[in-house]
Amino acid sequence: MTQPYSSIALADPLQRAVADMGYENMTPIQAEAIPVVLTGKDVMGAAQTGTGKTAAFSLPLLQRLLKHENSSASPARHPVRALVLLPTRELADQVAQQVAQYAKYTKLRSAVVFGGMDMKPQTLELKKGVEVLVATPGRLLDHIEAKNAILNQVEYVVLDEADRMLDIGFLPDLQRILSYLPKERTTLLFSATFSPEIKRLAKSYLQDPVTIEVARPNETASTVEQRFFSAQDDDKRRAVRQILKDRALKQAFIFVNSKLGCARLARALERDGLKTAALHGDKSQDERLKALEAFKAGEVDLLVCTDVAARGLDIKDVPAVFNYDVPFNAEDYVHRIGRTGRAGASGLAVTLVASSDARSVAEIEKLIKKKIEVEALALDGERPRGRSHDSRRSWGDDERGGAARRGARSSGGSTYHRAPTARDPFFDRPYEPSAAADQPGWEAAPRVATRAGLSANIKPRRKVAALFKAPTPAAAAAVEVTATAADA
DNA sequence: AAAAAAC
């Protein structure tokens with residue numbers, strides 16, 4: 001079943017680069033996608049997080065560029081021949097570094113452009129000539145408009161995290177970028193999650209695509225232990241600290257839903273004496289990159305972050321992910337927990353569930369097609385406020401009971417106990433996906449289109465239609481469906 | 001209910 005890279009038709013410089021990185025065997029997505037991309041066909045690829053998607057498109061793409069190295073394009077002009085688009089700056093940086101690694105023994109040049117950094121060095125780089133350009137949408141448009149990047153000879157476009165690139169927040173920019181590209185080209189879409197509507201929209205951008213699915217879309221990695229604990233806001237920080245301690249976790253991502261919440265939690269955990277860095281979109285790019293570097297280097301133990309860090313970031317051996325807040329979008333849950341348990345390693349994903357999160361948890365359950373049990377978490381120390389009068393409830397177990405359980409736990413080795421008979425009454429019933437969740441397209445409810453000036457979840461269908469021109473009737477239809485579902 | 005992506 002395992003297939004070495006050496007068994008496929010990749011040029012020697014690429015094989016050497018792969019060997020340098022210590023890779024021998026292809027991952028399933030690579031084994032499936034590389035031969036197809038080598039044919040030059042359009043691809044829609046779905047694979048679990050942490051399974052080597054970047055190499056799956058980079059290697060065959062570079063191979064194709066090598067093969068046609070002496071194309072008719074004037075060498076003096078150095079046109080961009082492959083464009084890779086990503087939804088966050090950190091991800092663009094990471095993918096660019098990988099591409100550069102794979103290309104290091106070739107004459108192909110790559111560059112990366114993203115916002116928050118000085119335009120000038122990027123401009124200089126582009127003017128020197130670049131075959132592979134990695135970018136985030138906004139900054140790329142800047143360069144296009146400044147005529148720093150000429151994209152009319154692009155042969156390949158890759159949309160990584162394609163479902164995000166196609167969502168309503170990115171779509172207008174994406175469509176403008178695509179309008180600068182030749183119609184005759186290869187388009188590759190990759191993501192770990194695809195809602196049916198986004199899939200339909202995505203197909204409207206592809207010509208006769210080959211669909212590659214090495215795992216059921218939206219599937220979470222079996223290497224990640226997923227736990228859900230009932231915790232109200234006041235108890236969440238203590239819960240995090242206790243789980244970190246009980247499970248002897250060295251490092252963790254801690255996801256929060258808002259930038260402000262992220263900054264606040266980071267400060268609070270720092271005050272608790274934990275080495276913490278915050279990563280969110282209100283920080284300067286310099287701070288963002290530093291936070292990530294510090295986490296990678298092990299200088300900080302906790303990376304408190306918004307969904308800017310949910311997708312794609314590949315950091316070795318992150319033992320745990322906490323969802324301090326339950327994500328609004330079920331797809332984001334899949335991506336967030338994909339930061340741990342990568343490349344076959346084991347990982348722990350802990351989601352703290354407040355009583356107002358029932359609907360979101362139901363959405364997650366529906367999406368990942370796994371039964372979610374929300375467990376009670378017995379916190380050490382004083383019993384939690386407010387519920388202590390009712391021993392039927394998990395939080396209300398008296399201290400004696402709690403202590404007895406903890407004793408049993410420490411001898412048994414398992415850190416947690418499941419207390420299905422003593423749960424918060426809110427969770428006494430199993431999660432039933434809500435009626436709304438059964439509506440097709442619910443999970444793809446359109447989000448705010450800030451740059452387009454809309455300020456709320458979109459209601460009137462007309463506004464959506466006016467917001468962007470879909471390239472084909474099929475795409476328009478997909479958008480209509482999404483908007484209608486959101487109205488419901 | 002938010003975040004992300006340009007200045």
Side-chain angles (χ1 to χ4, degrees), chain A residues 83-95 112-120 122-123 134-146 148-149 159-178 191 193 233 253-265 278-285 288 292 304-313 323-333 335-336 354-361 363 434 436 442-459 467-468 486:
Chain A
L83 181 61
V84 183
L85 294 173
L86 298 123
T88 70
R89 298 164 180 179
E90 285 75 13
L91 205 43
D93 197 22
Q94 172 185 299
V95 167
V112 61
V113 299
F114 52 80
M117 309 277 278
D118 202 350
M119 283 281 279
K120 275 182 230 131
Q122 297 177 357
T123 304
V134 181
T136 50
R139 179 54 65 91
L140 177 63
L141 281 168
D142 269 3
H143 282 297
I144 293 173
E145 274 149 27
N148 299 333
L159 303 187
D160 202 359
E161 307 297 339
D163 60 330
R164 170 61 87 245
M165 300 304 291
L166 290 166
D167 93 11
I168 198 152
F170 277 104
L171 199 53
D173 279 358
L174 180 69
Q175 289 186 329
R176 274 179 62 209
I177 292 168
L178 295 181
S191 184
T193 53
D233 290 344
F253 271 69
I254 302 183
F255 283 99
V256 175
N257 282 355
S258 75
K259 289 181 278 196
L260 185 62
C262 176
R264 281 185 179 151
L265 179 62
L279 176 56
H280 59 75
D282 276 351
K283 291 203 152 255
S284 72
Q285 196 52 37
R288 283 168 61 163
L292 206 55
V304 183
C305 50
T306 60
D307 281 321
V308 69
R311 286 167 175 262
L313 294 183
N323 291 309
Y324 194 87
D325 297 327
V326 179
F328 292 126
N329 285 95
E331 273 95 355
D332 288 333
Y333 172 82
H335 290 280
R336 284 180 180 188
S355 40
S356 55
D357 295 324
R359 186 191 170 103
S360 308
V361 173
E363 294 298 331
S434 63
W442 198 95
E443 60 272 47
R447 287 182 282 277
V448 189
T450 41
R451 272 195 221 164
L454 296 185
S455 62
N457 264 358
I458 285 138
K459 288 239 178 67
L467 187 59
F468 52 81

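By convention in this document, chain letters (A, B, ...) are assigned in the order of the sequence lines, proteins followed by strands, and residues within each chain are numbered from 1.
Computed from coordinates, the Gln285(A) CD to dA4(B) P distance equals 11 Å when rounded to whole Å. We find that CZ of Arg164(A) is positioned 11 Å from C1' of dA5(B), with the value rounded to whole Å. If you measure from atom CZ of Arg176(A) to atom C1' of dA5(B), you get 12 Å, rounded to the nearest angstrom.
When all heavy atoms of His335(A) and Asp163(A) are compared, the pair lying nearest together is NE2-OD2, 4.2 Å.
Annotation: salt bridge (Lys or Arg N to Asp or Glu O under 4.0 Å) contacts of Arg89(A) (sequence neighbours excluded): none. Residues satisfying the salt bridge (Lys or Arg N to Asp or Glu O under 4.0 Å) test with Arg264(A), not counting sequence neighbours, are none.
In summary, of the residues considered (Asp332(A), Asn329(A), Thr193(A)), a side-chain hydrogen bond (donor to acceptor under 3.5 Å, both in side chains) with Arg164(A) occurs for Asp332(A) alone.
Among the heavy atoms of the strands lying under 4.0 Å from Asp142(A) is at least one base atom, whether or not backbone atoms are also near. Backbone-only engagement by Gly116(A) is indicated by non-hydrogen atom pairs under 4.0 Å involving sugar-phosphate atoms exclusively. Across all strands shown, Arg311(A) has no heavy atoms under 4.0 Å from either base or sugar-phosphate atoms.
Listed pair Arg89(A) / dA5(B) meets the phosphate criterion, a side-chain N or O lying under 4.0 Å from OP1 or OP2. Taking side-chain N and O atoms only, Thr136(A) has a distance below 4.0 Å to OP1 or OP2 of dA6(B).
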